[in-house]
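Below you'll find the structure, written out as C-alpha cells, and then a few comments.
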Amino acid sequence: MKRRIVLILMVLPLLLVDNHTYAAEAPFGLRIYEIGHAPNFKLNNSDGEAFELDSTRGQWVFLHFWASWCGPCRKEMPLIQKLSEKINSDKFRIVMVNTSEDEDTVFTFLATLSIDIDTLMDTDGQVTEAWKPRGLPTTFLIDPHGKVRYQAIGGRQWNNPVYINFLKTLISNQ
Amino acid sequence: MNTALILLAGTLGVATQSLHTRTNDILIEFAPRTPDQMTSFYEARGFPKAMLDKLKHTCYITVRIHNTSQQQIWHDLGNWKFSVNGKPLIREHRDVWKQRWQDMGIPLRFQSTFRWTLLPETLDYLPSEIEGGNIILPRTDQLITLKANFKTGEDQQGPVINIEYDQLKCADDSPTKSEP
C-alpha cells in the first residue's frame, strides 16, 4: 500500500505537468482540437526538397493549409510572415502546405506578396484530403510530441499580440 | 474569419445580387453565380473542359453564414431543404460530385480544389464566426425556397433556429430584362 502511494505521488506531478503544459487559454479563433497524433506525411517543398512531418518532434508546429485562389489566404499570408519574424525559435516551426496548385501559380503568388516563407506542395491534394481541414485556410497547432492540439478555421490576424503571446507561452511551457 | 469558400465573393467581383435572411442568431447571405462567373473561376485554375461543361449547367450559389449570437451554432446541410413550387429541389451531396469526377477520370488536384470551394456539409460556428462556401443545385428559373434548421449550444441541446427563405434564385448570364 505504502509503495502504491509512493508511486502515485511520483506519477501525479508528471500528469499535472502534462496537463499544465498545454493549459494556456486559447485566444478567440483558436479551437481546442485534440484528435491525437498528427497524421504523418511526406511532401516536397517548392525547391523539391523532401519534408516529413514526423521530423518536427520537439517543436510546436504551425501547420497551415492554403491556396492562392482563396481570398482569406491572400490576406493572411503576410501576417504569417510577420508571425515567423516575431517568433524566432527552434522550438517553433511554420509548415505551409499549398493545396493542389502548380509551382508556377505558387511562385507567382508568393512573389507578388513578397512572401519568403517556404511552402510544401501538395500537388494532388491528397495530404490535404487526409488532414480534412473544414475549409481553406486552416491552421493546426501540433505539440512537440506530435499531437494535434488546436485548430483555426479561416484567416486569423496572426501578428496580433494575442496570438503571438499565446504561441510564445506554448513554446516556453514546452 | 472567412474561409476560402467565400472565395468567389472576392474573385468574381460584385456583379451578382446579394440575398440574405437573418434571425437574432444567424445571418445567411446568398450570392448566386452566373455560369460564366463560376466556370471562369475554375477555368482560371486549369479545370478540364469536361468539368466546366458539367458545372455550367448547374445553379451555383455562394453562401456565407455568420453566427451573430453568443452561442455555438451547428450547421448541417442535411437539414437544408430546397424546393420550387412545393416540389423538392435536390442538392447533390459532395460525395456525388466526388464520384462523378472519379468516374470521369478528373485529376485529383482538380477534384480537391473543387471540394474546397463547396460549403462544408457540417460545421459548428462559434459565436461571431463567419464561414462560407458554395452549394450546387439543379438549375431552375423559378424562385427557390429554402427551409433550414440549426441546432445550438455546445451540446446541441439549445433552442433550434429555423429559417425559411423564398427569394433564392439561380443567376443567369443573359442580360436582365427590363420590366415592361
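Every chain is numbered from 1 and lettered A, B, ... according to where its sequence line falls, protein lines coming before strand lines.
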Among the listed options A/Pro133, A/Ala67, A/Gly125, A/Ala152, the residue most often paired with chain B at heavy-atom distances under 4.5 Å
A/Pro133
All heavy atoms of A/Ser100 vs all of B/Thr113, minimum pair found to be CB-OG1, 3.4 Å
Tell me if the CD atom of B/Glu154 is crowded by more than 12 foreign heavy atoms within 6.0 Å.
no
Counting only heavy atoms from other residues, nucleotides and ligands, does the tally under 6.0 Å from CG of A/Asn88 exceed 12?
no
Same cluster for B/Met104 and B/Tyr42 if Ile/Leu/Val/Met/Phe/Trp/Tyr side chains link at under 4.5 Å?
yes
On a heavy-atom basis, which atom in B/Ser128 and which in A/Phe28 lie closest, and how many Å separate them?
CB-CZ, 4.1 Å
Heavy-atom neighbours of A/Arg57 CZ exceed 12 at 6.0 Å:
yes
Hey, could you give me the OG1/CZ distance between A/Thr128 and B/Arg109, rounded to the nearest 0.5 Å?
12.5 Å
Should A/Val95 and A/Tyr33 be counted in the same cluster of Ile, Leu, Val, Met, Phe, Trp and Tyr side chains packed under 4.5 Å apart?
yes
More than 12 non-hydrogen atoms from neighbouring residues, nucleotides or ligands closer than 6.0 Å to CD1 on A/Ile32, yes or no?
no
Point-to-point distance, once rounded to the nearest 0.5 Å, from CZ of B/Arg115 to CD of A/Glu129
4.0 Å
Selection from A/Gln157, A/Gln126, A/Arg31 maximising heavy-atom pairs under 4.5 Å formed with chain B
A/Arg31
Between A/Asp122 and chain B, with a heavy-atom cut-off of 4.5 Å, which part of the residue counts as in contact: side chain, backbone, both or neither?
neither
